[in-house]
There are 4 protein chains.
Amino acid sequence: MIHDVTNRPDVPPRPGRPRDGRLDDAIVRATLELLDERGFTGLTLAAVAERAGTTTPAIYRRWSSKSELVLAAVFRTEGDDVVANTGDLATDVRTMVRWSLAKFGQPAGRAALAGLLAEPVGDVGARSDQLALVWRRTGERLADAVDQHEVRAGVDTRLLMTLLSGPALMAAAVFGATADDEVWVDQIAAAVLMGVQST
Amino acid sequence: MIHDVTNRPDVPPRPGRPRDGRLDDAIVRATLELLDERGFTGLTLAAVAERAGTTTPAIYRRWSSKSELVLAAVFRTEGDDVVANTGDLATDVRTMVRWSLAKFGQPAGRAALAGLLAEPVGDVGARSDQLALVWRRTGERLADAVDQHEVRAGVDTRLLMTLLSGPALMAAAVFGATADDEVWVDQIAAAVLMGVQST
Amino acid sequence: MIHDVTNRPDVPPRPGRPRDGRLDDAIVRATLELLDERGFTGLTLAAVAERAGTTTPAIYRRWSSKSELVLAAVFRTEGDDVVANTGDLATDVRTMVRWSLAKFGQPAGRAALAGLLAEPVGDVGARSDQLALVWRRTGERLADAVDQHEVRAGVDTRLLMTLLSGPALMAAAVFGATADDEVWVDQIAAAVLMGVQST
Amino acid sequence: MIHDVTNRPDVPPRPGRPRDGRLDDAIVRATLELLDERGFTGLTLAAVAERAGTTTPAIYRRWSSKSELVLAAVFRTEGDDVVANTGDLATDVRTMVRWSLAKFGQPAGRAALAGLLAEPVGDVGARSDQLALVWRRTGERLADAVDQHEVRAGVDTRLLMTLLSGPALMAAAVFGATADDEVWVDQIAAAVLMGVQST
DNA sequence: TGATAAGCGAGACGGTACGTCCGGTCTTGAG
DNA sequence: CTCAAGACCGGACGTACCGTCTCGCTTATCA
C-alpha cells in the first residue's frame, strides 16, 4: 500500500525512517483542543498523545518540553498575517492589535502566556522560534514608523511594542475580548495612535 | 504556659483551635523569596513549607492551590498605595503605572500573573480578595475620570485599565523595566494620557 | 434534672466534673463494632467518636492512643471467666483454650493482636492492665499444675502458657476457628494435655 | 553506554522498560533493617525509600501496601530450609519449630504477623506468594505424617500446623525466645510430638 | 455562695505519612 | 533513525488521620 506521508518541504533526507508529518499536525491539533478544554495546568502530555493517536515519546522527539509544545502550537503562524506592512501605520496597528487579541483571546493563548511567564527567562523569543519571528517582524514595522517620523519624538520602538501588545493582552486575558470584538480593536488602536502620533 | 500566638485583630472567636498567625506570615514570606529565586514553575509547596518551618497541609488549610497562594502573597497590599486619588489624573496615572511596574517588574509578580492565566477561570478577582480590592479601587478612580470628562468620549473604564496595566506588564516582562525606571513610567504614562485625554 | 451518671465504684472524689461513665461504654462498644467492620488499620478514632456520639478529645482523656483503646476494648473481662480454677487441669485447660479462641476468633481480637505485635515492646501486659491480669491468672493456675506435679518434669509454667495460647491463636487467626468450634477446642486441649501430662 | 541492570533470569522480555532489579534488593534490605530498628508501626515507606536510595512510587509499583512489602521481605526464602523432609518426623518437627522461632524471634517477623492480622482478610497465603509456598510445604510434610499414621487418629494437618507454629510464636513474642535457644526448641518439639504421636 | 477544677461538645490545627499523578526517559521489536 | 507500545523513575502533589489545643459551657468539690 502506498500512502504519501506528507513530509514537509525538502530537507536533505536523513538516514533512517523519516518522520511521519501527519503526527506533527495531529499533536498540535490535540494540544490546542485540550488547552481550550483544560487550560495549561490541566494539560497532560499523555492526553495529548492519546487524542493524537500516538505516544509520548513521539511528542518528545519533536518538542523538548510541555511549554515548548504549547508555545509552538499556539504561535503557529506563517508570520505574514501578523504585520501586513501596508505603509499606513493606522491600518497596520489595527492588524497587530487584532492579531494579539486573536492569540490571547482564546484559552490556548492564555495558557501559552502563562507558560511563558511561569519560567524565569528574560528574553521572549528565546523560547520559541515562531514567537521570535512574530516579535521581530513587529519590531521591524514599528522601527520603520519611528524612522519615518510617523510617531512623535521620544517614542521608540520598544515603547510602541508595549503599547500595542500590552493592552490587547490585558483586554483578552481579563475582559475576555476577542479578535471579533471590533469595538475593542478600534478603541485600543485609536488610543495608541493618539498617544504616540506626531502632532 | 500561655503565650500569645499573635492572632490578628479581635474577630469573634470561631470554634476550634485558632490559626497560628505567625505561620501565615512565614508562608507568605517564603513564597515571595522562592518565587524570586525559582519562578512559578520552580516553586514547590514543599519548599515553601520547609522554608517557612511548617508543612504542606498547613498551607493547604489557608490557600487552596499554588496559584491562590502566589496571588495572595504578591498582592498583599493595603490598597492605599495603589491609587492615591489626588484629583489630578496625570499624577494618579503615573502612580498606577508605577505600581504595575513594581508588581510585574519582579519575578514574583510575573509568577502571579502566570498563575492567574494557567487555570481556565474567567473572572479575575474571583480568585483573590486582595487582587479584587486593587482592581476595584483602580476601577473607581478611573470611573471618576470618565464621569468628570477628564477623558474623551468613547474611552471607558475598562479600556483605561487595559491601557494602564498592559504596557507596564509588557515593559516589565519583556524589557525588564522596573518601578525605578522613571523613563519607562514617564513614557507609558505620557502615551496613555495623550491617547485618552479630552481635547 | 437529676440523672445518675452511672459512675464506677467508690474512688476518692477528684475535684472537677466527673467523667460520664456512659461514654466509656459507648466508646468501647463503637470500637469493637468498627474493629469488626474495618480491622485495625481501617479503624479511625474520628469514626469511633462519631458512632459513640462524642468527640476525639473525650477518647484521649481515657486512653492515650489508638492501640491502648483497642487493647482495652478487646480484653475487657472480669478475669474470672479466663481460668475457673476447678482443680481439674483438663477442665481448666479447655476453659483457657476456649477463652483464647473467643478472643482471637473475632476480627476485633485479630486487630488487637496486630496492635500488640506491631510495636517493638517485649513485655506483654505492660501495654494493658486487663491483659496483664489475664496473663497473670493464667500463669498462676499453671504454676499450680507444675507444683502439684500434674505435668511431667521438664515442663514449666512458661512452656505451658505458650502451648495453651499459641495454637488457639493460630487456629483462630489462620483457620478462622472460634470458641463455638468444639472440635478445635477439643483437639487443641487434648494435644496439649497429652503432650505435657505426667506419665 | 549500556550497562546491564542485573535483571533476573531470562524471562521473555515484556514490552516496556524493564524494572531495575537492584531496586528490589535495596528495598527489601532497607525494609528488614528498619523493621528491626523501629517495628511495624514505626516503619515508614518514605524511610524505606530513602534508605534504599529511591522513592515511594518505586515501592508501590512492586508491592501494593506496607503489609505486602513486609510479608515479602520477611518471608523471602527458597522454601527448602523450612522443611527438610528427612522421613523422620521428630527431626522435621524440630526443624519447623526452629524455623518458626527464627522468623518470629526477630522484630521483622513479628511485624510481618502484625501486618497479616491488621487487615481484615481471611486467607493467609493469598497475601504473599512466598508465605503461601512456606505454608504449602509445611502442610505437605505434615499431611504425609497423617497418611503414614505417624500421628494418632483425630489429629489432622491443620491441627499440626497450629501446634507447631503457635507455641513458637508465643515463646518468641512473649518470652523472647530465638532459634538459638535449643531449650525452647527441644521443649516445644517434645511436647508437640508427645501430644500427637500415635501410641 | 463563690472559687477552683475538671469534664463536656464542637471543631479546627499542626504535622507525619500516605498513595497517586505525571513529566520525562528507556527498552523492545518492527519498519 | 523512526515508529507503536508500554513500563519505569522520581519530583511533586493533595489528602487522611493522629494527637493537641481553644473555646464556651456544665458539673462537681472545696472554701
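So you know, we letter chains A, B, ... as the sequences are listed, proteins then strands, and number each from 1.
Contacts classified as salt bridge (charged side-chain N to carboxylate O under 4.0 Å, His left out) and involving residues 52-62 of chain C (residues at least two apart or in different chains) are given here: C:Asp24-C:Arg62.
For A:Lys66 (side chain) and A:Phe40 (main-chain N/O), a donor-acceptor pair under 3.5 Å exists by modelled atom type.
With rounding to whole Å, C:Arg61 atom CZ is found 15 Å from F:dT27 atom P. As rounded to whole Å, 12 Å separates atom C1' of F:dG11 from atom CZ of B:Arg38. Rounded to whole Å, the distance from CD1 on A:Ile27 to C1' on F:dT2 is 13 Å. One atom, CZ of C:Arg22, and another, P of E:dG7, lie 16 Å apart when rounded to the nearest Å. Atom CG in D:Asp24 sits roughly 13 Å away from atom C1' in F:dC9 (whole-Å rounding). Separating the OH atom of C:Tyr60 from the P atom of E:dG7 is a distance of 17 Å, rounded to the nearest angstrom. Atom CG of A:Leu43 and atom P of E:dG23 are 8 Å apart (whole Å). A straight line from NZ of D:Lys66 to P of E:dT16 spans 16 Å, rounded to a whole angstrom.
Smallest separation of non-hydrogen atoms from C:Ala58 and C:Leu23: CB-CD1, 4.5 Å. Closest approach of D:Leu45 and D:Leu69 over heavy atoms only: CD2-CD2, 3.8 Å.
Of the residues near DNA chain E, B:Ala58 and D:Ser64, the one whose nearest nucleotide (by heavy atom distance) lies more toward the 5' end is B:Ala58. Between B:Leu45 and D:Arg62, it is D:Arg62 whose nearest contact on DNA chain F lies nearer the 5' terminus. Where C:Leu23 and A:Thr44 meet DNA chain E, the nucleotide closest to each residue was compared, and C:Leu23 sits on the side nearer the 5' end.
A 4.5 Å side-chain heavy-atom check between D:Thr54 and D:Asp20 finds every atom pair outside the cut-off. In this structure, C:Asp25 and C:Arg76 have side chains that are in contact, with non-hydrogen atoms separated by less than 4.5 Å. Counting only heavy atoms from C-beta outward, the side chains of B:Glu50 and B:Leu34 never approach each other to under 4.5 Å. Side-chain contact between C:Trp63 and C:Val28: present, with at least one pair of heavy atoms (C-beta onward) separated by less than 4.5 Å. Under the 4.5 Å side-chain criterion, counting only non-hydrogen atoms from C-beta, A:Asp36 is in contact with A:Pro107.
A search for side-chain contact (heavy atoms from CB on, under 4.5 Å) contacts involving B:Ala112 returns B:Val70, B:Leu71, B:Val74, B:Phe75, not counting sequence neighbours. Residues forming a side-chain contact (heavy atoms from CB on, under 4.5 Å) with C:Glu33 (at least two apart in sequence, or on another chain): C:Arg29, C:Glu37, C:Arg51.
Helical stems in DNA chain F, defined as runs of 3 or more consecutive Watson-Crick or G-U wobble pairs with donor-acceptor distances under 3.5 Å: E:1-31 with F:1-31.
Within residues 48-57 of chain D, the residues approaching DNA chain F are D:Thr54, D:Thr55, D:Pro57, by heavy-atom distance under 4.0 Å.
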Polar atom pairs between nucleotides 3-6 of chain E and protein, under 3.5 Å, N or O only, would you list them?
residue: E:dA6; atom: N3; partner: C:Arg17; partner atom: N; Å: 3.3

